[in-house]
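Naming convention: chains lettered A, B, ... in sequence-line order (proteins, then strands); numbering from 1 in each chain.
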2 protein chains.
Amino acid sequence: MNIKKSPVTIQDVANRAKVSIKTVSRVINSEPNVAEKTIKKVEKAIDFLDYQPNAFAQSLARSQPKIIALIYNTPSPNYITHVMEGVLSYCYKFGYEVIIHPCRFDDASLIDDTKLFIKKSRVSGIITTPPLSDFPELINQLDKLDMPKILVSSGLVVDASEKVNTNDYEASFEITNHLIRRGHKRIGFIKGNPSHLCVNQRFAGFFDAMKEANLVCEGELIETGLNSFASGEICAKRLLNLKNRPSAVFAANDEMAAAVVKVANQLSIDIPQSLSVVGFDDTPMTQMISPALTTVHQPLFKMGEAAANKLICNLENTSYEGEDDIKSRLVVRDSTAHFLKSI
Amino acid sequence: MNIKKSPVTIQDVANRAKVSIKTVSRVINSEPNVAEKTIKKVEKAIDFLDYQPNAFAQSLARSQPKIIALIYNTPSPNYITHVMEGVLSYCYKFGYEVIIHPCRFDDASLIDDTKLFIKKSRVSGIITTPPLSDFPELINQLDKLDMPKILVSSGLVVDASEKVNTNDYEASFEITNHLIRRGHKRIGFIKGNPSHLCVNQRFAGFFDAMKEANLVCEGELIETGLNSFASGEICAKRLLNLKNRPSAVFAANDEMAAAVVKVANQLSIDIPQSLSVVGFDDTPMTQMISPALTTVHQPLFKMGEAAANKLICNLENTSYEGEDDIKSRLVVRDSTAHFLKSI
DNA sequence: ATAATAAAAGACAGCGTTGTCAAATATTAT
DNA sequence: ATAATATTTGACAACGCTGTCTTTTATTAT
């Protein structure tokens, strides 16, 4: 494969195939009205010359460049890496380029910066992930650009064609039932950052599962964290120091669940004999702590692919054929056990 | 700020400033030989119209597009995310675009795919991270492209202008001394994947520190893992089941160190009283396990910035002014303690 | 066989920049 | 003041592609 210096242009291909450059262009873009025979001829020339269309020239000539932006802000490298790889993989397959744009929430100029970025990079579509996809001020601004966008796991109310969701509610319902079936009645819950809407769907699933089982959620068993390990530690300390402490704790994400495990260790509360703990996300860390956490696995790569798929459909005005709700799945590990009366 | 529809072109700016488009182009690219007065005029027009040069047109017109590729393959989202953000941040500041290209080692067509990608995306420079930057077959192929490249933390022998290094050797020396100073004499070591050269610098640092302290490294205390948690578990089991087990273990990365902690827990070996454990990398997970790991912190973001900085200098033929060896630093947490004779 | 129509192919002008070279203007030396 | 030179500006052709419109060729109907 000859890479070094590859200024093979559409003209070279046209010359070799003995057609006009426009015909080559037609073949490249699979436009209609090209004779089968001609297509073969052109493809042969393309193969022979190892021709690659120049994306800059294409973008310049087209009104809509095939470029999309992935805008994120997440404290969790694990999350964004996998979603990003899904997006990249899908886009690469369909000839789109992706520009990655990390931002910081704490930055006051977040919105202006993001708008500037979009303008500068001339993307034609946008994907955002939580918690950014939950940030109404930003999403409103994006709306004004009337540029196709996809919100991943957003709690905001937008059209189905503009979001990719996971079934956080159902998964939470299920993992709560996992605890209930094991005899737990006093179950503590550590909510996530209130502004992260999607994480809060997890509380809803928990709440409804409890209700269905005729169990009450006492106020003292509900704590609110910020999704971080440190915030989880504070909540865990309160929960586990209660005179009548819960026999199980469901934390809205793995980091906070890991904090529960750590605090329990410090208080010499044995997991899972005396306390069951479950998290959410299935970060790799869940397998590295002792005991390994029971949690919910999210197919992040798939979510990234679906987001790209949907966005490209919007961009090209074709209909989306992919899955609509991406299913998470319960992963049972060593942090949950049957509740023993004796304790 | 008006974003929607911003087809402000260089011509619009030229009209408003009453100069030719070429003069505007000169100002944009800070070319010499433009009167101070003219610069002011043009800048005013640019500000007023909120003009952004069209990067596609620029790339098309220039011989060298301002685009670089970040090619990686890493099992560690934490690592790549931070390096990537450093690269992005620096590049954005200097008007470069970044294309991210994740690959899989297990893919037989890795090299061909990568070459195809480079050709397709028409980047003018490349950054790679370990373990890809340690993969001679790939780097050789990249060499043939005679395209500027930077290898991050590579163990391969290349010119200093082509790599960004951390002082893994010194840091390992230091963390080993940390153990030695605490009275440890029998220290086990879990090496990383032999093909990850940079991780193996860590063994060298360990080995030399031991030698300097006149301590012997018995063969049975040296294990070789694959950088993964699972591989670490296997090594840890062997090490901790030795009849005369080490009083401390240094694992070449945090994942494997976490495995040592987990195995120790299972065997009811108390950390740090009966066993000290140290890792390397300072992944967030190190703070979530109990006890929190003593480890070495790598300034990943900075490394990404430095890589981008060096690459852009190579690309633009200016001289690199940044740091040359990026300093890691020892982070002492709860997994290390003084060795007590009694045990 | 001929006209009417559909399908296929081509010519050519953009898209928004930068590079090259020529023209205009300012500066310096005589 | 004039010539010689340096500085500043501008005209115009690329860059490699796609969109529009026209021309050619193939197909069908009469």
Side-chain angles (χ1 to χ4, degrees), chain A residues 5-43 45-46 49-67 95-97 119-122 124 315-316, chain B residues 5-43 45-46 49-67 95-97 119-122 124 315-316:
Chain A
K5 293 201 182 121
S6 80
V8 178
T9 72
I10 199 170
Q11 185 67 64
D12 299 327
V13 177
N15 292 151
R16 176 153 242 277
K18 302 207 183 308
V19 296
S20 72
I21 60 169
K22 180 66 226 195
T23 297
V24 177
S25 171
R26 286 195 180 95
V27 173
I28 294 170
N29 298 289
S30 17
E31 282 172 34
N33 296 332
V34 186
E36 201 52 52
K37 212 169 68 173
T38 314
I39 295 184
K40 286 263 155 42
K41 236 182 359 180
V42 171
E43 280 175 345
I46 290 178
L49 297 170
D50 199 13
Y51 165 73
Q52 288 294 338
N54 182 319
F56 308 130
Q58 288 182 315
S59 290
L60 188 58
R62 279 196 259 260
S63 43
Q64 275 217 341
K66 288 185 148 196
I67 302 204
Y96 277 73
E97 226 155 71
K119 183 172 181 181
K120 229 172 154 170
S121 53
R122 285 182 160 75
S124 44
L315 247 21
E316 300 184 347
Chain B
K5 293 197 183 128
S6 79
V8 177
T9 71
I10 200 171
Q11 185 66 65
D12 299 325
V13 177
N15 292 151
R16 178 154 239 278
K18 302 209 184 305
V19 296
S20 72
I21 58 170
K22 180 65 226 195
T23 298
V24 178
S25 171
R26 288 195 179 93
V27 173
I28 294 169
N29 299 289
S30 17
E31 284 171 33
N33 297 331
V34 186
E36 202 51 53
K37 211 170 67 175
T38 315
I39 296 184
K40 285 263 154 43
K41 239 184 355 184
V42 171
E43 280 175 346
I46 289 177
L49 296 170
D50 198 11
Y51 164 75
Q52 289 293 340
N54 183 318
F56 307 130
Q58 288 183 315
S59 291
L60 186 59
R62 277 197 259 260
S63 43
Q64 274 218 340
K66 288 184 147 197
I67 302 202
Y96 277 73
E97 227 155 71
K119 183 170 182 182
K120 229 172 154 168
S121 53
R122 285 182 158 73
S124 42
L315 247 21
E316 300 183 348

Trainee: Name every residue in residues 21-32 of chain B that has at least one heavy atom under 4.0 Å from any atom of DNA chain C, in order of residue number, or write none if there are no such residues.
Mentor: B:Ile21, B:Lys22, B:Ser25, B:Asn29, B:Glu31
Trainee: Nearest-nucleotide wise, let me know which of B:Ala57 and B:Glu36 is further upstream toward the 5' end of DNA chain D.
Mentor: B:Glu36
Trainee: Only one of B:Asp50, B:Val42, B:Leu49 passes side-chain contact (heavy atoms from CB on, under 4.5 Å) with B:Ile46; say which it is.
Mentor: B:Val42
Trainee: To the nearest Å, give me how far apart CG (A:Asn54) and P (D:dC15) are.
Mentor: 12 Å
Trainee: Quick one: label A:Thr38 by what it contacts on the DNA or RNA (base, sugar-phosphate, nothing), any heavy atom closer than 4.0 Å.
Mentor: sugar-phosphate
Trainee: Starting the side chain at C-beta, find the nucleotide from C:dG10, D:dC17, D:dT9 nearest to B:Val34.
Mentor: D:dT9
Trainee: Starting from the 5' end of DNA chain D, give me the residue, B:Lys18 or A:Gln11, whose nearest nucleotide shows up first.
Mentor: B:Lys18
Trainee: Do A:Lys120 and B:Glu97 come within less than 4.5 Å of each other through their side chains, counting heavy atoms only?
Mentor: no
Trainee: Can a donor-acceptor pair be found, under 3.5 Å and without considering hydrogens, that links the side chain of A:Lys41 to the backbone of A:Val19?
Mentor: no
Trainee: In the structure I gave you, are the side-chain heavy atoms of A:Leu60 and B:Asn54 within less than 4.5 Å of one another anywhere?
Mentor: yes
Trainee: Just N and O in the side chain of B:Ser20: are any of them under 4.0 Å from OP1 or OP2 of D:dG10?
Mentor: yes
Trainee: For residues 24-40 of chain A, which side-chain N or O atoms pair as donor and acceptor with protein atoms under 3.5 Å away, sequence neighbours left out?
Mentor:
{"residue": "A:Asn29", "atom": "OD1", "partner": "A:Arg62", "partner atom": "NH1", "Å": "3.3"}
{"residue": "A:Asn29", "atom": "ND2", "partner": "A:Ser25", "partner atom": "O", "Å": "2.9"}

Trainee: Scan B:Asn33 against the nucleic acid and name what it touches under 4.0 Å (heavy atoms): base, sugar-phosphate only, or nothing.
Mentor: base
Trainee: Roughly what angle, to 10°, lies between the helix axis at the start of the helix from C:dA1-D:dT30 to C:dT30-D:dA1 and the one at its end, five pairs per end?
Mentor: 30°
